[in-house]
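Note that these values count all heavy atoms, side chains included, but never hydrogens, waters or copies made by symmetry. Order of the sequence lines fixes the chain letters, A, B, ..., with proteins taken first and strands second; residue numbering starts at 1 for each chain.
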Number of protein chains: 2
Amino acid sequence: MLNGWFCRYKILETGARQIFSFHINGDIPDLQSLHLKTMDHNLGTLVQSTVAFVPHDSARNFARDFPHLGDILWRDTLIDAAIFRQWMVGMGRRDAPARIAHLCCEIFVKMRAVGLAKENSCEFPLTQSVMGDALGLSTVHVNRSLMDLRGRGLIALDKHMLTILKWEALQDEAGFDPLYLHLDRVPELA
Amino acid sequence: MLNGWFCRYKILETGARQIFSFHINGDIPDLQSLHLKTMDHNLGTLVQSTVAFVPHDSARNFARDFPHLGDILWRDTLIDAAIFRQWMVGMGRRDAPARIAHLCCEIFVKMRAVGLAKENSCEFPLTQSVMGDALGLSTVHVNRSLMDLRGRGLIALDKHMLTILKWEALQDEAGFDPLYLHLDRVPELA
DNA sequence: CGCCCCTTTGATATTAATCAAGAACTGTGG
DNA sequence: CCACAGTTCTTGATTAATATCAAAGGGGCG
């Protein structure tokens, strides 16, 4: 991905959608298909985006000719899996406000890590219905929980711009620990 | 893993546990630590088990000296991730009986694939509290939903032996499609 | 200007959690 | 072989979280 926002998702028999991850500049969301013959989910864009395609053969040869770089690609897919696990923790064991807070923390830290956040805010193009499908909540409940977080002054979210107002409190609410993102250095925030 | 049952899990601040996966004979549950410096979750046994350890250096050298085999290891971690995604679908978008049914389907198919199922039944050493922690449900609710599945004659579960009574109906209940397991051939069941 | 999507709000229904307690197992030591 | 201690399973009653249904405002865009 050169630029934009992607998500991975699956549509159920019932028509319900489950979103698994969001992807931003520099991510390689389709890496897993390198060694899996059949795609078991879909990729879609949230906003107009720019992508580059790498043929599987080239990527495989590349990974073999430069094993160290191949390992980095492998590592990238392992981090994806670590993020899935963290999302499972949210859906399995946290209530709605905490899940939303966690998503805000995660996206903000990722955006900051690639230099796409200024100060305490970053772009956040997810609609409430998209958030619901990612967190296992109904749109209405996302709205109410979001109101709650706003009401308590933890975040501001307006015109698809997220602003972190109380970083410590937000992390506490979310139970957020950036370890699972396996960043080399976690960006500091005042 | 040579023999036994493992699970991967994380304990939250609150003391709640989230289980991410179960592992049986032949699985390599710790493969992800090959390229991730810090372990972001735990591994534990469900029953007495036998394991073999492979030093990371050996595994890394092995993967480089035999790239085809290295790719198979990589692929294994990608299938793990696919299973995580499927569990996310369950926790995000399916009700309790469907989640339990799905877990039964998954475990049965995996057991069958490695020759550990006879006819329509296999070992199933999960307590109801373990199932709850894996599916994001309380123990009591697992019990009631399990009763429901039993009452409808879909499964039998006794003395930690699972028996599939109505395979078609169970899959329907679960919304189960084995594609995500990426098995070369899905074992047939009458 | 008008339409469509998104957000917000209220009312109600459903699912699942929690609390509590008794019954059925399992393994242990005598 | 039995008593008992600790789990695990089951059940009932109650509460809390979340979904669903319905409808009214906003905002951006052609």
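If you check every strand for non-hydrogen atoms under 4.0 Å, B:G132 touches nothing.
Between the CG atom of A:D148 and the P atom of D:dT18 there is a distance of 11 Å, rounded to whole Å. Rounded to whole angstrom, the span from the CG atom of A:D95 across to the C1' atom of D:dT15 amounts to 16 Å. Across the protein-nucleic acid pair, A:R94 atom CZ and D:dT18 atom P stand 13 Å apart, rounded to whole Å. Going from atom CG of B:L46 over to atom P of D:dT8 covers 11 Å, rounded to whole Å. Atom-to-atom, CG of B:L149 to P of D:dC9 comes out at 15 Å; the value is rounded to the nearest Å. The nearest whole Å value for the distance from the CE atom in A:M131 to the P atom in D:dT18 is 14 Å. Here the P atom of nucleotide D:dT8 and the CG atom of B:L157 are 14 Å apart, to the nearest Å. The NE2-C1' distance, from B:H141 to D:dT15, rounds to 15 Å in whole Å.
Taking the six-membered ring where the residue is Trp, A:F62 and A:F66 present tilted rings, their angle falling between 30° and 60°. Using bins of under 30°, 30° to 60° and over 60° for the plane-to-plane angle, the ring pair B:F22/B:W87 lands in the tilted bin.
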Using a cutoff of under 3.5 Å, can you pull out all pairs of nitrogen or oxygen atoms linking the protein to nucleotides 7-10 of chain C, with atom names and distances?
{"unit_1": "C:dT7", "atom_1": "OP2", "unit_2": "A:Q128", "atom_2": "N", "d": "2.8"}
{"unit_1": "C:dT8", "atom_1": "OP1", "unit_2": "A:R150", "atom_2": "NH2", "d": "3.2"}
{"unit_1": "C:dT8", "atom_1": "OP2", "unit_2": "A:Q128", "atom_2": "NE2", "d": "2.7"}
{"unit_1": "C:dT8", "atom_1": "OP2", "unit_2": "A:N143", "atom_2": "ND2", "d": "2.7"}
{"unit_1": "C:dT8", "atom_1": "OP2", "unit_2": "A:R150", "atom_2": "NH2", "d": "2.9"}
{"unit_1": "C:dT8", "atom_1": "O5'", "unit_2": "A:N143", "atom_2": "ND2", "d": "3.3"}
{"unit_1": "C:dG10", "atom_1": "N7", "unit_2": "A:R144", "atom_2": "NH2", "d": "2.3"}

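Between B:S21 and B:H23, the side chains place a donor N or O and an acceptor N or O closer than 3.5 Å (distance only, hydrogens not considered).
For B:T77 (side chain) and B:R75 (main-chain N/O), no donor-acceptor pair under 3.5 Å exists by modelled atom type.
Checking B:K159 against B:P97, the closest nucleotide of DNA chain C that is more toward the 5' end is the one next to B:P97.
Of the charged side-chain nitrogens involved, none lies within less than 4.0 Å of a carboxylate oxygen, so that B:D40 and B:K10 do not count as a salt-bridged pair.
Taken to the nearest 0.5 Å, the CZ atom of B:R144 stands 12.5 Å off from the CD1 atom of B:I100.
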